[in-house]
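Report on one structure; see the data block that follows.
Every chain is numbered from 1, with letters handed out A, B, ... down the list of sequences.
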Amino acid sequence: MKKRQYVTTAIDYPNAAPHMGHVLEKVLADVLVRWFRLRGDEVRFQIGTDEHGIKIQQTAEKERMTPKALVDRNVPLFQDLYRTLGISADLFIRTSDKKVHWPTVEALWKKLQDAGVLEKRTYTGLYCSGCERFVTKKDLVDGLCPDHQIAPQEVKEENWFFALSTETTWLKGLLKKEYKITPSFRKNETFALLEQGLEDVSFSRPKSSLSWGIPVPGDEEQTMYVWCDALTNYISGLGYFTDHEEKKWWDDATITHVIGKDIARFHALIWPAMLKAAGVRIPDQLLIHGFLTSEGQKMSKSLGNVVKPEEVLAHFNGNPDPLRFYLSAEVPVGNDGDFSWKRIDELYDSKLRNQLGNMLNRVLVMMKKDGFGLQINSSRAFDDQVVLEWKQYDEAFENFELHKAIQQVTVWIDRMNAAFNSSAPWKLEGAARANVLSEFAEMLRHASLMLLPFIPESAQNMSTQLGLPYAKKMLEKDFVITKEMRTWGAVKDWKRVGEPSILFPPLLP
RNA sequence: CGCGGGGUGGAGCAGCCCGGUAGCUCGCAAGGCUCAUAACCUUGAGGUCGCAGGUUCAAAUCCUGCCCCCGCAACCA
């Protein structure tokens, strides 16, 4: 039976241009999604932007524009970047979208209210006029805000609160059983939070302090806070609580939220509690990635080491694959990683250019000389080897160890290079020579299929050079890697290889 | 006792969950090949796997304690 997958990423906050952290998450999700599609799953993949909130409001004021104008200016930066990177999302949702997003959010709010989990209370807190936000006593140094050197004032305001504290026990049970969290240490972390007990969370702010957002239904003086607004994108994109609900993507799919470690707790605790109150099923799993440092240090504007994805793309002449390869191979899923210019160049040269690209070229150039003909003999040994490679590859993906899957391919390419030297086909003649070369072409065919989720365009390029009949269709969303394609010598209508060309050109100094 | 991650040859990392010849990339040395994008292959030098105990026939891997880095601590991916 066909499996159905609903994959989402966090929605990005567009108060500034996208950076490498955004890219890490989207590439991770995209690789996973492409693998799902290639194995034949029915997939829906959603990304988007979280456009409301005080920060957008403030940034807009600074730049003397309306919040709407600010997000309309910034959101295309994200959309264009993701298009260039080949992020194969089916829907890009924007929380400022009153047609797609708002109806679901408003309906959800009412459902929560009906369920009795929302309550209006007076909240008393310390407000720093410099930060323009509430601070806690722990933030203060000698009673002063460390950023602004002023004493915060005690302010009372009305907030709607969501009853999370009562869900502690239920959430423990949920995390123990149904709700899977990868990597597992994030689950332990969440349990530690639960042990401390949960507090109710603020679900709205007065319009006077937060105006850029969705008004609370029936209480126009209040604006929704991030939770009910942003998290809800995962179901508003499916039209939930409207006349065009696409329930099959939620009720009958495996739901995977790909998110960063900073928002893990909200997805692990608040989101399920909201859904429970609204009578909607709980998602299946969270895939939580770490953060990227830049040249070993925390990425920050003040250090000036923020890496812009556009610069990386430009460095490789607009080819997204070196960056996709780097993030997939160098950053183990769940761990923090580092972005280094030196390292990405190193990897490009050694792995992609000298090992992969050159391997393909050395085979194809010889085959071209011999007239492009292909003759793959059946072979028990190669059969077994290919089966094993695919098995390990699948296992890595199933455990979300994407770095292992791609590293396995590069290791195989390594072995091919060594085997090519010891086979020394340039010393052979006739049928022996043709057979050896064809064997390498067949191995490269498998490798290009395995690389497809990671570096789609380059993998397709490989397959085109190999002259594969299916090469043209490889980037289509309904392309599936069939049993034949995974079997040694089983692509029967593949008789000739194509014209060789340089897969990864040397970089200009 | 707030929470978590990390400390492995010159640099950067994997391995640790499921103990059993210490692996990868770059760099370095020597040799080989000549099909190929001056690419490829082989061999070698270089590590008491943060420190100290413990469990075990056997520990980078499990347990305990300590030291040092780095994040997070409710809206910075």
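Separation of the P atoms belonging to B/rC76 and B/rG2 is 25 Å when rounded to the nearest angstrom. Rounded to whole Å, the separation between the P atoms of B/rU42 and B/rU34 comes to 16 Å. Nucleotides B/rC72 and B/rG44 have their P atoms positioned 45 Å apart, rounded to a whole Å. For the C1' atom pair drawn from B/rG19 and B/rC13, the interatomic distance equals 23 Å after rounding to whole Å. Taking atom P on both B/rC35 and B/rG23, the two are 33 Å apart, rounded to the nearest angstrom. With both ends at atom C1', the span from B/rG47 to B/rG12 equals 15 Å, rounded to whole Å.
Not counting sequence neighbours, A/E457 has no partner by the salt bridge (charged side-chain N to carboxylate O under 4.0 Å, His left out) test. Partners of A/K351 under the salt bridge (charged side-chain N to carboxylate O under 4.0 Å, His left out) rule, at least two apart in sequence or in another chain, do not exist in this structure. Residues meeting the salt bridge (charged side-chain N to carboxylate O under 4.0 Å, His left out) test with A/K368, sequence neighbours left out: A/E499.
Between the side chains of A/H101 and A/S236, a donor-acceptor pair is found at a separation under 3.5 Å. A donor-acceptor contact closer than 3.5 angstrom is absent between the side chains of A/T232 and A/T104. A/S165 and A/E199 form no side-chain donor-acceptor contact under 3.5 Å, judged by distance and modelled atom types alone. At a cut-off of 3.5 Å, with distance as the only test, no side-chain donor of A/E51 or A/N74 sits close to an acceptor on the other residue. In this structure, a donor-acceptor pair under 3.5 Å is present between the side chains of A/H267 and A/Y234.
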For nucleotides 7-11 of chain B, tabulate all protein N/O to nucleotide N/O atom pairs closer than 3.5 Å, reporting atom names and distance.
none

Report, one pair per line, the protein and nucleotides 69-71 of chain B atoms (nitrogen or oxygen only) whose separation is under 3.5 Å.
residue: B/rG71; atom: O2'; partner: A/K261; partner atom: NZ; Å: 3.3

Between protein and nucleotides 33-37 of chain B, what N or O pairs are separated by less than 3.5 Å?
residue: B/rC35; atom: O3'; partner: A/K369; partner atom: NZ; Å: 3.3
residue: B/rC35; atom: O2'; partner: A/R362; partner atom: O; Å: 3.4
residue: B/rC35; atom: O2; partner: A/R362; partner atom: NE; Å: 3.1
residue: B/rC35; atom: N3; partner: A/R362; partner atom: NE; Å: 3.3
residue: B/rC35; atom: N3; partner: A/R362; partner atom: NH2; Å: 2.6
residue: B/rC35; atom: N4; partner: A/R362; partner atom: NH2; Å: 3.0
residue: B/rA36; atom: OP1; partner: A/K369; partner atom: NZ; Å: 3.4
residue: B/rA36; atom: O3'; partner: A/N361; partner atom: OD1; Å: 3.1
residue: B/rA36; atom: O2'; partner: A/N358; partner atom: OD1; Å: 2.6
residue: B/rA36; atom: O2'; partner: A/N361; partner atom: OD1; Å: 3.4
residue: B/rA36; atom: N1; partner: A/R362; partner atom: NH2; Å: 3.4
residue: B/rA36; atom: N3; partner: A/N358; partner atom: ND2; Å: 3.3
residue: B/rA36; atom: N3; partner: A/R362; partner atom: NE; Å: 3.2
residue: B/rU37; atom: O2; partner: A/R353; partner atom: NH1; Å: 3.1
residue: B/rU37; atom: O2; partner: A/F504; partner atom: O; Å: 3.3
residue: B/rU37; atom: N3; partner: A/F504; partner atom: O; Å: 2.9
residue: B/rU37; atom: O4; partner: A/G357; partner atom: O; Å: 3.3
residue: B/rU37; atom: O4; partner: A/L503; partner atom: N; Å: 3.4
residue: B/rU37; atom: O4; partner: A/F504; partner atom: N; Å: 3.4

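Rounding to the nearest 0.5 Å places CG of A/L231 at 8.0 Å from CD1 of A/I11.
Shown here for A/T59 and A/N15, the closest heavy-atom pair between the two residues is CG2-O, 3.8 Å.
Among the heavy atoms of the strands, none lies under 4.0 Å from A/H403. Residue A/D414 is classed as a sugar-phosphate contact, given heavy-atom separations below 4.0 Å to backbone atoms only. Contacts of A/G260 with the nucleic acid, taken as non-hydrogen atoms under 4.0 Å apart, involve only primed sugar atoms and P, OP1 or OP2. A/G53 comes within contact range of no nucleotide atom at all, as no heavy-atom separation falls under 4.0 Å. Note on A/A418: only backbone sugar-phosphate atoms sit closer than 4.0 angstrom, heavy atoms only; bases stay farther off.
One can place NE2 of A/H267 at 13 Å from P of B/rA77, the figure rounded to the nearest angstrom. Put simply, NZ on A/K351 is 7 Å from C1' on B/rC24, counting in whole angstrom units. To the nearest angstrom, P of B/rC13 lies 14 Å from CZ of A/F339.
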Notebook entry, point to check: Would you write out the dot-bracket form of RNA chain B, 5' to 3', with Watson-Crick and G-U pairs under 3.5 Å, [ ] for crossing pairs, | for pairs to other strands and . for unpaired bases?
Noted result: .(((((((.[[[[.)....(..]]]].(((((.......))))).....[[[[[..)....]]]]])))))).....
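Taking for each of A/H289 and A/I270 the nucleotide of RNA chain B with the nearest heavy atom, the 5'-most of the two is the partner of A/I270.
Heavy atoms from other residues, nucleotides or ligands lying under 6.0 Å from NZ of A/K172 number more than 12. Within a 6.0 Å radius of NZ in A/K207, no more than 12 heavy atoms belonging to other residues, nucleotides or ligands are found.
If you check B/rU25, B/rC72, B/rA77 against the side chain of A/R265, the one that comes closest is B/rC72.
Aromatic pair A/Y179/A/F191: ring centres not closer than 6.0 Å. Aromatic rings of A/H315 and A/Y348 (six-membered ring for Trp) have centroids beyond the 6.0 Å cut-off, not under it.
Residue pairs meeting the salt bridge (charged side-chain N to carboxylate O under 4.0 Å, His left out) criterion with at least one member in residues 256-265 of chain A, sequence neighbours excluded, are A/K261-A/D336. The salt bridge (charged side-chain N to carboxylate O under 4.0 Å, His left out) pairs that include a residue from residues 425-438 of chain A are A/D370-A/R433, where partners are two or more places apart or lie in different chains. The salt bridge (charged side-chain N to carboxylate O under 4.0 Å, His left out) pairs that include a residue from residues 395-414 of chain A are A/R39-A/E398, A/K391-A/E395, A/E401-A/K404, where partners are two or more places apart or lie in different chains.
Taken residue by residue, residues 404-413 of chain A places no heavy atom nearer than 4.0 Å to RNA chain B. For the segment residues 22-34 of chain A, residues with any heavy atom less than 4.0 angstrom from an atom of RNA chain B are, sorted by number, A/H22, A/E25.
Electrostatic pairing of A/D338 and A/R343 does not count as a salt bridge here, judged by no charged N lying under 4.0 Å from a carboxylate O.
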